[in-house]
Amino acid sequence: MDRAGVDGGRPFDWSLASGYYARYRDIYPPRFWQALPDAGLCGPGKEVLDLGTGTGVLPRAMYSCGAHFTGVDSAPGQIREARRLAEQAGMEIPFFCCRAEEMPFAPASFDEITACQCFTYFDHGVLAPALHRLLRPGGRFAALYMAWLPAEDEIAAASERLILQYNPQWTGCNEVRRPIPVPEVYGAYFTPECSQVYDLPVPFTREGWHGRIMACRGVGASLRGQALEQFGQEHRQLVARIAPERFQVAHYAALAVLRAI
């Protein structure tokens, strides 16, 4: 994947990080997921499409709500892990490997569409009308996001500094609280329904935080070979030095919900 506004155009491949992602990336506290049913989303019997599903974190987390989920992702490694984890959990969730801008589904196939941690990667000029086509009349689209706050958390800040030493082009740093930015093109197809931003501390162990960083786009999806190995060794040493065995990292979360016109 290569997006000019992401990491200065440096290519990255989520399939390279799929092993870390499957093991360490499902870190969202219950409150993060509760925002969806609180907004009337993912209810029983709803047909829900999850974009950029990765290892199927959202469909698996929300499965007990009774919706029928479908997941898509452009990274084959992510889809393999999504299928494995869903089968392991006894969940019937179909996953497809395709770009969100090139989905094969028929018009009006879904009641709702979700996008967790991936909205920034899409070609919105193509995606906005595509989502409108796939949604049933009055259907809704929800984008979710969660990020650590390095200005308020020294452990997060220290990990960021190390990532930037190995990958100076990484643009996933220096996050601050902000609503999810919705490009203007969506205004032709959707009306805003709600926007939320709230604080959300996330618990970690040393091993869990190290794995979370290894699954980061700027690390596991970008670094290769010796650079990745060296980063992993140095980051383990850093975490052992600055963090207790169990700790929390300051995060914020955001939700934006749009309704099809």
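These numbers come from a predicted model, not from an experiment.
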Beyond-backbone contact of [X] with [Y], side-chain heavy atoms, under 4.5 angstrom:
| X | Y | result |
| --- | --- | --- |
| Val219 | His235 | no |
| Ile163 | Phe231 | yes |
| Phe96 | Ile79 | no |
| Val257 | Leu41 | yes |

Without hydrogens or angle criteria, can the side chains of Glu160 and Trp148 be said to hold a donor-acceptor pair below 3.5 Å?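 There is such a pair between these side chains.
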Please round to the nearest 0.5 Å and tell me the distance separating atom [atom1] of [X] and atom [atom2] of [Y].
| X | Y | atom1 | atom2 | result |
| --- | --- | --- | --- | --- |
| Leu49 | His68 | CG | NE2 | 14.5 Å |
| Ser159 | Ile213 | OG | CD1 | 4.5 Å |
| Tyr28 | Cys116 | OH | SG | 4.0 Å |

Ignoring hydrogens and angles, tell me if any N or O in the side chain of Arg140 forms a donor-acceptor pair with the backbone of Leu135 under 3.5 Å.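 Between the backbone of Leu135 and the side chain of Arg140 there is no qualifying donor-acceptor contact (under 3.5 Å).
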Assess Arg212 against Tyr24: is NZ or CZ under 6.0 Å from the centre of the six-membered ring, and within 45 degrees of the ring's axis?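 No.
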Pick from Glu175, Arg178, Gln117: which one makes a side-chain hydrogen bond (donor to acceptor under 3.5 Å, both in side chains) with Tyr145?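 Single pass found, and it is Glu175.
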Between His132 and Phe190, what is the ring plane arrangement, given parallel below 30°, perpendicular above 60°, and tilted in between?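 The arrangement is perpendicular - the two ring planes meet at more than 60°.
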Ion pair Arg236/Glu207, N-O distance below 4.0 Å: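 Judged by the 4.0 Å cut-off on N to carboxylate O distance, Arg236 and Glu207 do form a salt bridge.
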Asp199 and Arg177: salt bridge (Lys or Arg N to Asp or Glu O under 4.0 Å), yes or no, with the steps? CA-CA 8 Å; Asp199 288 353; Arg177 295 173 188 81; 2.6 Å; yes
Centroid separation under 6.0 Å, is that true for the rings of Tyr186 and Phe119?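 Yes, the ring of Phe119 comes within the 6.0 Å limit of the ring of Tyr186, centre to centre.
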Centroid-centroid distance, Phe95 to Phe69, less than 6.0 Å: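 They do not qualify: ring centres at least 6.0 Å apart.
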